[in-house]
Novice: 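Input: one structure, supplied below.
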There are 2 protein chains.
Amino acid sequence: MRDIADATGVAASTVSRALSLPDRVNPVTQERIQRAARELGYVANSQARALTSGRTRAVAVLVSDITNPFYFDVIRGTQHQLAGAGWTQLLVDTEESADAEMAALSAVGAKADGVVLTASRLSDAQIARFAERVPLVVVNRRPAGVPSVLIDTPGGVEQAVQHLVSLGHREILYVAGPDSSWSNERRWRALVQVAKRLGIRVGRVGPHAPFVDSGAAAADAAVHAGATACIAFNDLIAIGMLARLRERGVRVPEEMSIVGCDDIFGADFCNPPLTTMTSPIERAGRVAIRMLLGRLGALPADELPGEHMSGAVALPTHLTVRESTGPAPRSDTA
Amino acid sequence: MRDIADATGVAASTVSRALSLPDRVNPVTQERIQRAARELGYVANSQARALTSGRTRAVAVLVSDITNPFYFDVIRGTQHQLAGAGWTQLLVDTEESADAEMAALSAVGAKADGVVLTASRLSDAQIARFAERVPLVVVNRRPAGVPSVLIDTPGGVEQAVQHLVSLGHREILYVAGPDSSWSNERRWRALVQVAKRLGIRVGRVGPHAPFVDSGAAAADAAVHAGATACIAFNDLIAIGMLARLRERGVRVPEEMSIVGCDDIFGADFCNPPLTTMTSPIERAGRVAIRMLLGRLGALPADELPGEHMSGAVALPTHLTVRESTGPAPRSDTA
DNA sequence: TTGAAAGCGCTAACAG
DNA sequence: CTGTTAGCGCTTTCAA
């Protein structure tokens with residue numbers, strides 16, 4: 001910056017202004033400075049800028065497992081919305097560790113102006129405490145007082161149950177995900193409730209880690225339980241179950257119907273294609289960023305007027321029926 | 001930092017030392033400072049630190065499409081290796097744009113100590129120029145003088161061709177990826193060469209964008225060309241072809257064999273499971289980081305002695321045979 | 001072993 | 001509209 005100040009014969013502060021607040025400077029010198037900057041190949045040092053201004057124009061996105069396809073879509077959503085606003089994304093993989101999450105949240109203050117927290121391992125209280133110190137939006141979590149975007153899988157569960165019931169199933173097995181997952185409990189409760197209303201039975205196996213590999217054990221448990229219809233915590237587990245059932249010679253959906261959750265990459269081309277609750281995952285990422293940017297007073301032009309600046313927004317889910325669900329086998333309806 | 005200096009009655013510079021170079025300070029005061037820091041909940045401001053020291057302990061990883069499962073594995077590899085060394089990863093999605101890539105590379109200087117460049121859209125010369133200004137390691141590219149890690153897909157292509165030939169195929173169709181892809185040309189050339197040696201014919205269709213959706217057009221082209229064996233640029237396209245062929249009633253592998261490339265998430269559970277060249281993608285990410293950290297003089301303990309500090313390292317690929325390849329149909333062998 | 005002082009690259013009052 | 005002057009939070013000479 002000094003170089004370009006020298007080159008144009010103005011003070012460094014004028015250069016700063018010409019570059020960051022162009023209309024607060026004489027159009028002529030402004031142009032001169034811009035040109036010099038270009039010629040000298042000047043690129044602002046965002047760190048130094050952040051140091052004085054206190055603003056980084058970056059947001060940290062914390063995910064618990066960068067390997068999980070679910071997050072790919074979230075990340076894509078946040079990335080796009082952020083890039084569109086000229087902001088930077090800081091991706092942090094907390095690797096399912098609450099400690100790593102705490103550490104990241106503590107350190108983030110200087111690196112980013114806000115954070116999007118997905119699949120937190122922290123307690124509601126802990127999250128709320130951090131939210132006081134740094135602008136925070138959580139995804140798939142609902143700590144009081146913290147803005148959040150929820151994917152309405154309970155709504156999807158209802159659709160899934162209706163679907164299975166319409167196919168003649170009278171008993172549904174829930175293949176649970178990790179105990180530490182908020183969504184997991186939420187889905188289970190929704191299932192219990194809908195089942196009661198519809199007068200069907202529910203069972204539960206698990207917990208299972210949210211990986212394809214966990215599907216084998218899950219499938220075995222389901223077969224052992226004599227299930228004919230399963231709703232899995234997520235598509236990863238469901239896809240793993242499909243593979244294992246095929247291996248065991250259990251036909252899907254003739255002998256067992258499987259419903260997944262999320263509609264991740266792969267759900268449409270696995271074998272058979274998976275009936276699943278399609279979640280607007282990417283949109284969740286975008287909405288989270290929009291909420292955050294809104295609270296930071298940094299929304300582009302198309303700012304949604306206070307729409308869901310605070311509180312929780314729930315994104316609807318819908319059931320996508322593919323070939324992994326079918327009529328209940330005779331023995332079941334009997 | 002001032003707070004903890006005040007609290008312990010020492011100078012700020014001593015606090016700095018106690019925190020960053022603990023052995024350059026009296027053990028007693030050192031301990032006192034550490035404790036105060038902990039009590040005050042001090043976390044270093046990495047930006048300010050970078051400003052003076054010039055080192056950020058961060059590396060930028062540029063990918064051309066964060067959405068492509070191939071990069072998930074690369075990212076996982078870089079992330080792990082980096083985290084293990086206590087470094088930070090800056091993920092940048094260049095969205096297939098050379099401009100975005102240039103911009104990112106220019107701006108990266110202050111934000112990171114080095115960069116890993118994957119699937120660059122830039123020319124070798126441009127890459128080499130950047131490499132002079134900032135420590136750089138490229139993946140799947142080989143600009144002279146720039147350290148690179150290559151995934152040896154040509155070796156995989158040879159295995160794939162041998163495999164197909166052993167199944168009786170005498171003609172192979174290459175389903176090309178984007179023209180701008182270095183790997184694409186590389187695979188094609190390898191195919192031509194092996195084919196010549198083995199005395200079989202090759203054809204080529206494309207280019208096709210590296211998405212599952214591109215597979216439909218690719219499959220149609222393959223059918224039109226009367227192919228009975230295809231090697232696709234990558235698994236995404238191959239998986240899309242599988243879906244389209246199924247839709248058109250073309251049986252795989254009875255009527256057409258399909259070989260993919262990379263063995264990404266999904267290749268083992270698509271229908272039928274895909275025969276593909278398994279690439280050590282995650283390892284490529286790890287190796288790239290290790291090379292970079294090596295050049296930055298920042299390797300942990302297990303530093304590989306100069307092994308591939310510079311030059312190019314090629315990671316071997318192997319063919320994983322699954323159910324999408326089978327004997328050539330009669331009409332072909334006739 | 002410690003403190004004082006200078007300064008990393010930039011922005012933000014405050015005068016002029 | 002522009003220059004001067006302080007810092008942002010930290011590291012790093014240089015002396016003591």
Side-chain angles (χ1 to χ4, degrees), chain A residues 1-37 40-58 86 88 106-113 133-134 296-298, chain B residues 1-34 36-37 40-58 86 88 106-113 133-134 297-298:
Chain A
M1 227 174 75
R2 169 138 65 225
D3 290 351
I4 116 157
D6 290 351
T8 50
V10 299
S13 54
T14 305
V15 176
S16 170
R17 270 186 296 257
L19 264 21
S20 347
L21 317 89
D23 14 291
R24 285 254 247 279
V25 98
N26 183 309
V28 183
T29 45
Q30 206 269 43
E31 170 56 31
R32 212 151 42 96
I33 291 172
Q34 296 271 17
R35 208 157 49 76
L40 293 170
Y42 170 84
V43 290
N45 180 325
S46 55
Q47 321 238 47
R49 181 173 281 179
L51 202 53
T52 27
S53 65
R55 280 162 294 107
T56 59
R57 291 182 68 82
T88 296
S106 305
V108 99
K111 292 197 225 274
D113 295 343
R133 303 206 297 118
V134 46
L296 292 169
Chain B
M1 227 174 74
R2 168 139 63 227
D3 291 351
I4 116 161
D6 290 350
T8 51
V10 298
S13 51
T14 304
V15 175
S16 171
R17 269 186 295 257
L19 264 22
S20 347
L21 316 86
D23 14 291
R24 284 256 245 279
V25 95
N26 183 309
V28 183
T29 45
Q30 207 269 45
E31 169 55 32
R32 210 151 43 96
I33 292 172
Q34 295 272 16
L40 293 171
Y42 171 84
V43 290
N45 180 325
S46 55
Q47 321 238 45
R49 181 172 281 180
L51 202 53
T52 30
S53 66
R55 281 164 291 108
T56 58
R57 291 181 68 83
T88 297
S106 305
V108 100
K111 293 197 225 271
D113 296 341
R133 303 205 297 117
V134 46

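Reminder, nothing fancy here: chain letters follow the sequence lines and each chain counts from 1.
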Novice: Minimum heavy-atom separation for B:R17 to B:R24, with atom names?
Specialist: CD-O, 4.2 Å

Novice: Let me know the distance between CG of B:D23 and P of C:dT1, rounded to the nearest Å.
Specialist: 10 Å

Novice: Checking B:S46 against B:R57 for the side-chain contact (heavy atoms from CB on, under 4.5 Å) test, could you report, in this order, the C-alpha distance in whole Å, the side-chain angles of both residues, the deciding distance, and whether it holds?
Specialist: CA-CA 9 Å; B:S46 55; B:R57 291 181 68 83; over 6 Å; no

Novice: Expressed in angstrom and rounded to an integer, what is the separation of B:R57 atom CZ from D:dT11 atom C1'?
Specialist: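 Interatomic distance, CZ of B:R57 to C1' of D:dT11: 15 Å.
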
Novice: Could you pull out the closest heavy-atom pair between A:R133 and A:S106, with the gap in Å?
Specialist: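 Taking A:R133 first and A:S106 second, the nearest heavy atoms are NH2-CA, 4.1 Å.
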
Novice: How long is the line joining CG of B:D3 and P of D:dC8, in whole Å?
Specialist: 12 Å

Novice: Can you tell me how far P of C:dG3 sits from CG of B:D6, to the nearest Å?
Specialist: 12 Å

Novice: Determine to 10° how strongly the helix from C:dT1-D:dA16 to C:dG16-D:dC1 is bent, judged from the axes of its five-pair ends.
Specialist: 40°

Novice: For A:S16, check side chain to side chain contact (heavy atoms under 4.5 Å, CB included) against everything at least two apart and list the hits.
Specialist: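 For A:S16, the residues satisfying side chain to side chain contact (heavy atoms under 4.5 Å, CB included) (neighbours in sequence not counted) are A:M1, A:S20.
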
Novice: Are the side chain of B:R32 and the backbone of B:T8 linked by a donor-acceptor contact shorter than 3.5 Å?
Specialist: yes

Novice: Donor-acceptor pair, distance only, cut-off 3.5 Å: does the side chain of A:Q47 make one with the backbone of B:A110?
Specialist: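 At least one qualifying donor-acceptor pair exists.
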
Novice: When the distance from NZ of A:K111 to P of D:dC10 is rounded to whole Å, what number comes out?
Specialist: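 Roughly 12 Å, once rounded to whole Å.
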
Novice: How close do A:D113 and A:V134 get, counting heavy atoms only, and between which atoms?
Specialist: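 Shortest heavy-atom separation between A:D113 and A:V134 comes out as O-CG2, 4.5 Å.
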
Novice: Side-chain contact test, heavy atoms from C-beta onward, threshold under 4.5 Å: evaluate it for A:Y42 versus A:L19 and give yes or no.
Specialist: yes

Novice: Might you list the N or O atoms of the protein lying below 3.5 Å from N or O atoms in nucleotides 9-12 of chain C, with each pair's distance?
Specialist:
unit_1, atom_1, unit_2, atom_2, d
C:dG9, N2, A:A48, O, 3.3
C:dC10, OP1, A:Y42, OH, 2.7
C:dC10, OP1, A:N45, N, 3.2
C:dC10, OP2, A:M1, N, 3.4
C:dT11, OP1, A:R49, NE, 2.5
C:dT11, OP1, A:R49, NH2, 3.4
C:dT11, OP2, A:S16, OG, 2.7
C:dT11, O4', A:T52, OG1, 2.9
C:dA12, OP1, A:R55, NH2, 3.4

